Engineer: 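One structure, pasted below without further comment.
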There are 2 protein chains.
Amino acid sequence: MDYKDFENCGLKKALDMLSGKWKPMILYFLFYQGEFRFNDLWRSIPRISKKVLMEHLQEMVGNDLVIRREVNGFPSEVRYALSRKGKALGPVLSALDEFGNTSNLN
Amino acid sequence: MDYKDFENCGLKKALDMLSGKWKPMILYFLFYQGEFRFNDLWRSIPRISKKVLMEHLQEMVGNDLVIRREVNGFPSEVRYALSRKGKALGPVLSALDEFGNTSNLN
DNA sequence: AAACCAAGTTACTCAAAAGTAACTTGCTTG
DNA sequence: CAAGCAAGTTACTTTTGAGTAACTTGGTTT
């Protein structure tokens, strides 16, 4: 086994998709709330900056975890929601959540 | 639901334990190799610095994922291995790995 | 046409994480 | 007793990520 094997293993890819200060929180909102508009989410999360929220969403769209949908109407509206792939993260995030809640074993 | 709920949920705790440029790689080695000595691991991973390897290991020991054991002998030797809690991460990391390897669904 | 809103973008600053290389401690073999 | 090795530590630099606030675009109401 060699570090090279690691460099493009699935674990690394998956953790890269989740890396970013606010990404887990964004996913949390997406799972509990289904869909949201950019400014609504921005106002829901204290202290997040528009810039970083934007960057995170764009990365998640790039990773096919999130779908961005423009609704034509007024005021102009863009909705973000989990893609099929994003939804497939559900059980994995639950497993992580459960692990994180487990009190120390050893 | 409120962002406060997120701040100390298990998901956040778990992801914090995994955050750090080289931590997933260290876990990868621990799972495949069982145990290692500090310098051996350091030499196995090109480009990692001693300082960061040390910091990562200390955090993981602090999170009870890894156990540090001093073997008295010469040259002096310290062995790092997964704790019971660390081993419990196995299935979770496998799930992440599988997710990361899944080609795009949507 | 002025004021307003959503959704971005931009230039710039600040903070956190990681990298580098030299140094330390303690024990040992030549 | 000098040189050597494991396991750190330290002071310092560089890189990366996040924060701030002002600006833009395009359509809307008054």
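As the structure is a prediction and not an experimental result, all values here were calculated from the model. We name chains A, B, ... by the order of the sequence lines, and we start the count at 1 in each one.
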Engineer: What contact category does B/E70 fall into here, base, sugar-phosphate, or nothing, at under 4.0 angstrom with non-hydrogen atoms?
Structural biologist: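 Contact class for B/E70: none.
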
Engineer: Report, one line per pair, each donor and acceptor closer than 3.5 Å where one atom sits in a side chain of residues 65-72 of chain B; sequence neighbours left out.
Structural biologist:
| unit_1 | atom_1 | unit_2 | atom_2 | d |
| --- | --- | --- | --- | --- |
| B/R68 | NH1 | B/E70 | OE2 | 3.0 |
| B/R68 | NH2 | B/E70 | OE2 | 3.3 |
| B/R69 | NH2 | B/E35 | OE2 | 2.9 |

Engineer: Could you state the atom-to-atom distance from CG of B/N72 to P of D/dA6 in whole Å?
Structural biologist: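 It works out to 17 Å between those atoms.
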
Engineer: Check the distance between D/dG19's C1' and A/W22's CH2 and give it to me in whole angstrom.
Structural biologist: 10 Å

Engineer: Just checking B/R43: base, sugar-phosphate only, or nothing, at a heavy-atom cut-off of under 4.0 Å?
Structural biologist: sugar-phosphate

Engineer: Could you give the CG-to-P distance, from B/L53 to D/dA6, as a whole number of Å?
Structural biologist: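 For the pair B/L53 CG and D/dA6 P, the rounded distance is 14 Å.
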
Engineer: Is A/V78 reachable from A/F74 through a run of hydrophobic residues whose side-chain heavy atoms are each under 4.5 Å from the next?
Structural biologist: no

Engineer: Do A/W22 side-chain atoms and A/L53 backbone N/O form a donor-acceptor pair below 3.5 Å?
Structural biologist: no

Engineer: Looking at every strand, decide which applies to B/R79 at a 4.0 Å heavy-atom threshold: base, sugar-phosphate, or nothing.
Structural biologist: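 Answer is nothing: B/R79 stays at 4.0 Å or more from every strand.
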
Engineer: Would A/L27 and A/M60 satisfy side chain to side chain contact (heavy atoms under 4.5 Å, CB included), going step by step from the backbone distance to the final call?
Structural biologist: CA-CA 10 Å; A/L27 286 165; A/M60 292 165 95; 3.5 Å; yes

Engineer: By nearest nucleotide on DNA chain C, pick out whichever of A/K51 and A/R68 is the more 5' one.
Structural biologist: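 Between the two, 5'-proximity favours A/R68.
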
Engineer: What is the distance, rounded to the nearest whole Å, between atom NZ of A/K50 and atom C1' of D/dT25?
Structural biologist: 12 Å

Engineer: Rounded off to whole Å, could you give me the CE-to-C1' distance for the A/M54 and D/dG19 pair?
Structural biologist: 17 Å

Engineer: Checking all strands, does A/F74 fall into the base, sugar-phosphate, or nothing category for heavy-atom contacts under 4.0 angstrom?
Structural biologist: base

Engineer: Begin from the C-alpha positions of A/L18 and B/L18 and carry the test side chain to side chain contact (heavy atoms under 4.5 Å, CB included) through to its verdict.
Structural biologist: CA-CA 11 Å; A/L18 299 177; B/L18 299 177; over 6 Å; no

Engineer: On DNA chain D, check which nucleotide each of A/G73 and A/E55 is closest to and give me the residue with the more 5' one.
Structural biologist: A/E55

Engineer: From the 5' end of DNA chain C to its 3' end, which nucleotides mark the outer limits of contact with chain A, defined by a 4.0 Å heavy-atom distance cut-off (strictly under)?
Structural biologist: C/dA6 to C/dA11

Engineer: Please check this pair: side chain of B/K87 against backbone of B/S83, looking for a donor-acceptor N/O pair closer than 3.5 Å.
Structural biologist: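 No, B/K87 side chain to B/S83 backbone: no donor-acceptor pair under 3.5 Å.
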
Engineer: Starting at CD1 of A/I48 and ending at P of D/dA18, how long is that distance when rounded to a whole Å?
Structural biologist: 10 Å

Engineer: So, does A/K85 use its side chain to make a donor-acceptor pair with the main chain of A/N63 at under 3.5 Å?
Structural biologist: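 Present.
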
Engineer: Between B/K21 and A/V78, who's closer to the 5' end of DNA chain C by nearest nucleotide?
Structural biologist: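 Looking at DNA chain C, the more 5' nearest nucleotide goes with A/V78.
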
